[in-house]
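Notes to accompany the following structure.
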Amino acid sequence: MKFASIIVDVPAMQTDRAFDYKIPDEWQELITPGMRVIVPFGPRKVQGFVIETKNHSDFNRLKSITELLDLTPCLTPELLQVGHWLTEKTLCFKISAFQVMLPAAMKAKYEKVIRLARDQELVSLPEMLLPYFQKTDQVNLKDIEKTISLAFIQKQIKLGHLELIYKVKQKTNKKMVKVIKLNVPVSQLEQLINELPSNAKKQMDILNYFKLNSKSQIQLQELLVEAKTSDTSVKSLISKGVLIEESKEIYRDPYQDRNFKQTSSLQLNQEQQNAIAPILSSVKHSHHEVFLMYGVTGSGKTEVYLQSIEEVLKNGKEAIVLVPEISLTPQMVHRFKGRFGSQVAVLHSGLSIGEKYDEWRKIQRKEVKLVVGARSAIFAPFDNLGMIIIDEEHESSYKQEENPRYHARDVAIYRAQLHKCPVVLGSATPTLETFARSQKGVYKLLTLKERVNRRSMPGVDIIDMREELRNGNRTMFSTSLIEKLQDRLSKGEQSVLFLNKRGYSSFVMCRDCGFVIQCQHCDISLTYHRHGQKLKCHYCGHEEHMPKVCPECQSEHIRFFGTGTQKVEEELVKVLPESRIIRMDVDTTGKKGAHEKLLTKFGNKEADILLGTQMIAKGLDFPDVTLVGVLAADTMLNLPDFRASEKTFQLLTQVSGRAGRHELPGEVIIQTYAPEHYSIQLASQYEYDLFYEQEMLLRKNHAYPPYYYIALVTVSHPEITKVVSVTEKVSQFLRRNVSNETKILGPVASPIPRIKDRYRYQCMVKYKREKNLNETLRKIIEHFQQDITSNDLLITVDLNPSTMM
Ligand SMILES: Nc1ncnc2c1ncn2[C@@H]1O[C@H](COP(=O)(O)OP(=O)(O)OP(=O)(O)O)[C@@H](O)[C@H]1O
Ligand SMILES: [Zn+2]
Ligand SMILES: [Zn+2]
């Protein structure tokens, strides 16, 4: 192969295509699609992905590939295909699609280097430059910039004295350690020791160490400690040829030094057996199918995953398990490592860049068979996939909120089709989209109605906080919650207190009657804007003034809301001074490993109450937790988001599911200002099916998913007039180019109308069928290309947004 088609790392519309390069003779056998290379591109060198090799190119005067970064392709042929598909699906650049599939460590980083121009004689350089180029012909721009102005350097470049080049740097490299090996047979050691001069005590210690432990190699660091010896003694033995030193790559293993208790398969109950049978059959017949495993919390879904995977591995295939970032708790990792040991790689954002890179390479080298990870693990470079599992499929973290804006579920289904293997989506509260598909038979529905061992679901009490206020309780804890917390304290049982942070401080509510101000056109709460004391609707643009009294009951106690976990903790200590509290939020879990430490502490019963935000809502399975309290159930209901009710229902169900999972029965207290709201009522009764019906009706009436698809176009620019006029043009163009059934809403200011000094406007497309929509959207971006490249305009398109922000 003489030529390669390459996608270069220049994310722009004009460069979003393959470029041909010559393959130098010595690499013609070496280069295959999926490898990363360095190529000249204009004045600089950039990283690129080889997507094809060929014997013929339609272009002449091609440049050559300069450097080869991989010897094994980092993208398999299948992942290359996934990349092309992602580009089509999410309208992203090809380069972004390829890069998102790789660990951050492999992304190129560029360094600007100033080099002495060819033929440039040192003597004719301006004097101030001399010190830099005495010993070398190139200097980092960063270093030279410290003392010499950029303008001066630029002038020198113009004069042809210097040139600026871009050098590609790799972010992280493999971690290497020094290993010391014995270069003689162990049997000779005795004799060698005797031959050493008597003052070479340390060298003797080293040889004795090898002899006594009958080892032939050891890491240098370990040897120094174990044999209590010094670097110089090791060196002299190396110079004598007794030892040799080698560099060996090691993995940064975040779970090293950890023992995972080995577990084995449990006897499945009847419901579990019914659920696993069709999955196993699909595995056995290499048949692609999407299953929705709809099972209440604690019904044993994870055990079904584990046993399905066992079958996959037995067939010599590989599996991917996605879990939401925040539930990638040690508990979850333990369950997989406990069953599959070293066959498991773990990928999540708590790992360092280097650790992630190492876990990824274990997959690439086929040293593991299974990956458990957050969203991006869906791109694990397995080439013989036998199953993909997405736990808590309703979690919004499966959608990436930046380019490429993909949903892991879509990628999973696409990959599983290519590999002819099943996808299992699991949840106690599936998204409406997914459940609707299972009702239509697109996905196969598997149901687990009961908790394992028929344990009952915890009873739920809804506490009306308006009532509490009327009775003179101005604290954030209801009388009933405090009583029950006290009861648990006296019995030595544990409680979980959950504060829903999302949605705080943005909506306006009456503390006396619970009335929340909503848009008269959209059934969505208005957002409070401190600036100008205004309330705005982010869907239709409607706005009004912040009222002085409640429009419903005339009370003056109308205001916007806000409380943090820290505040809750302070208050809690006041009412329950004897309780031991662990607080988990962004502040206490910022440090690496903190999350895990706090949970372990709680698990060891070193605390009575676990207080936290979203991050404690999922996946936790502690036997002594018998009480769950939700401090403000309705905050999320008021987000400007048509999924607000659905998300509230999901969250309440998840949190309630943490109580009474083992022998002791559980209880749940939900505090709210909107006790009659259907998503709170139905969550408290574990009535997913009824919730589904009711919510579907609303979605139908308001033309939202799953009845309609949504595409969101967001325009941003530092000048508001520009933003408005572009968004207006975008909306008009869309209106002209879609069918009658499709609705175009906008232009309207985005829910967050300005970020980092850029104004944001949006336009929403609601459609059922719109075959050419992607093409139309692409045309829009192309049309504004000039403004995008040179005038700081940004147009983002999100097909299927999970938030409207
Ligand atoms: N067949 C079984 N026999 C005995 N115990 C089981 C069985 N299946 C699961 N369990 C146990 O029941 C508990 C709940 O199961 P699991 O965590 O798998 O449920 P889940 O549906 O995944 O829960 P959630 O969605 O709430 O996280 C666990 O402690 C698990 O070990
Ligand atoms: Zn009121
Ligand atoms: Zn509105």
Side-chain angles (χ1 to χ4, degrees), residues 260-277 279-280 291-311 321-340 372 374 389-395 397-398 424-431 434-435 445-458 460 494 496 498 599 603 610 614-626 628 630 649-666 668 683 686 688:
F260 294 98
K261 212 163 73 220
Q262 174 115 37
T263 64
S264 51
S265 298
L266 302 171
Q267 172 65 39
L268 297 182
N269 64 31
Q270 193 56 50
E271 278 194 329
Q272 287 172 315
Q273 286 176 29
N274 295 346
I276 204 171
I279 302 177
L280 295 183
F291 296 99
L292 167 59
M293 188 157 58
Y294 160 48
V296 298
T297 56
S299 58
K301 296 186 287 292
T302 313
E303 186 61 33
V304 175
Y305 303 151
L306 291 167
Q307 298 196 20
S308 313
I309 293 167
E310 215 169 295
E311 192 60 29
V321 182
L322 295 190
V323 293
E325 190 71 61
I326 42 176
S327 82
L328 199 49
T329 53
Q331 282 200 334
M332 203 64 176
V333 173
H334 274 239
R335 292 181 76 174
F336 285 89
K337 287 251 182 188
R339 196 67 61 89
F340 302 108
V372 180
I389 292 169
I390 303 187
D391 189 31
E392 314 283 6
E393 74 85 37
H394 59 273
E395 262 298 299
S397 64
Y398 287 130
V424 180
L425 309 173
S427 178
T429 51
T431 55
T434 297
F435 202 72
L445 182 64
L446 310 168
T447 312
L448 302 176
K449 283 206 166 63
E450 301 246 12
R451 279 191 159 181
V452 168
N453 295 335
R454 313 232 154 173
R455 270 166 212 138
S456 51
M457 299 302 287
V460 182
Q494 292 178 300
V496 168
F498 174 75
L599 288 179
L610 179 64
Q614 259 73 355
M615 64 178 75
I616 63 168
K618 303 196 159 60
L620 304 185
D621 189 19
F622 293 112
D624 288 331
V625 171
T626 58
V628 166
V630 180
F649 183 90
Q650 289 164 346
L651 199 62
L652 291 180
T653 308
Q654 287 300 335
V655 189
S656 306
R658 298 313 112 206
R661 292 170 69 88
H662 295 250
E663 266 69 55
L664 299 166
V668 180
Y686 302 101
Y688 175 84

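For the single chain, residues carry numbers from 1 onward in sequence order. Whatever order the structure lists them in is the order used to number ligands and atoms, beginning at 1.
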Quiz item: Between the side chains of E271 and S299, is a donor N or O closer than 3.5 angstrom to an acceptor N or O?
Solution: no
Practice problem: Decide whether T297 and Q654 meet the rule of one side-chain donor and one side-chain acceptor closer than 3.5 Å. | Solution: no
Self-check item: Mutual orientation of the aromatic rings belonging to F435 and Y294 [parallel < 30°, tilted 30-60°, perpendicular > 60°]
Solution: perpendicular
Of all the atoms in ligand 1, which lie at a distance below 4.0 Å from a heavy atom belonging to [X]?
| X | result |
| --- | --- |
| R335 | 16 (P), 17 (O), 18 (O), 30 (C), 31 (O) |
| L268 | 1 (N) |
| E303 | 8 (N), 9 (C), 18 (O) |
| V296 | 21 (O) |

Quiz item: Do NZ/NE/NH1/NH2 and the carboxylate oxygens of E392 and K301 come within less than 4.0 Å?
Solution: no
Examine ligand 1 and decide if any of its atoms is less than 4.0 Å from a heavy atom belonging to [X].
| X | result |
| --- | --- |
| L448 | no |
| R451 | no |
| G657 | no |
| S299 | yes |

Exercise. Evaluate the side chain to side chain contact (heavy atoms under 4.5 Å, CB included) criterion for residues I276 and L446: first the C-alpha distance (whole Å), next the side-chain angles of each, then the deciding distance (0.1 Å), finally the verdict.
Key: CA-CA 8 Å; I276 204 171; L446 310 168; over 6 Å; no
Check this for me - ligand 1, [X], N or O atoms closer than 3.5 angstrom, yes or no?
| X | answer |
| --- | --- |
| V452 | no |
| G300 | yes |
| Q267 | yes |

Quiz item: Taking non-hydrogen atoms only, is R658 closer than 4.0 angstrom to ligand 1 via side chain, backbone, both or neither?
Solution: side chain
Exercise. Check step by step if side chain to side chain contact (heavy atoms under 4.5 Å, CB included) holds for Y688 and V296.
Key: CA-CA 9 Å; Y688 175 84; V296 298; over 6 Å; no
Quiz prompt | Passing candidate, side chain to side chain donor-acceptor pair (under 3.5 Å) with E303, options Q267, R339, Q272 | solution = R339
Self-check item: Main-chain N/O of T431 paired with E393 side-chain donor or acceptor, under 3.5 Å
Solution: yes
Self-check item: side chain to side chain contact (heavy atoms under 4.5 Å, CB included) between V496 and F622, intermediate numbers included
Solution: CA-CA 10 Å; V496 168; F622 293 112; 5.9 Å; no
Quiz prompt | Selected option - heavy-atom contact closest to atom 1 (N) of ligand 1, from Q272, K301, E392 | solution = Q272
Self-check item: Option nearest atom 22 (O) of ligand 1 (shortest heavy-atom distance, choices T297, V304, T263, T302)
Solution: T302
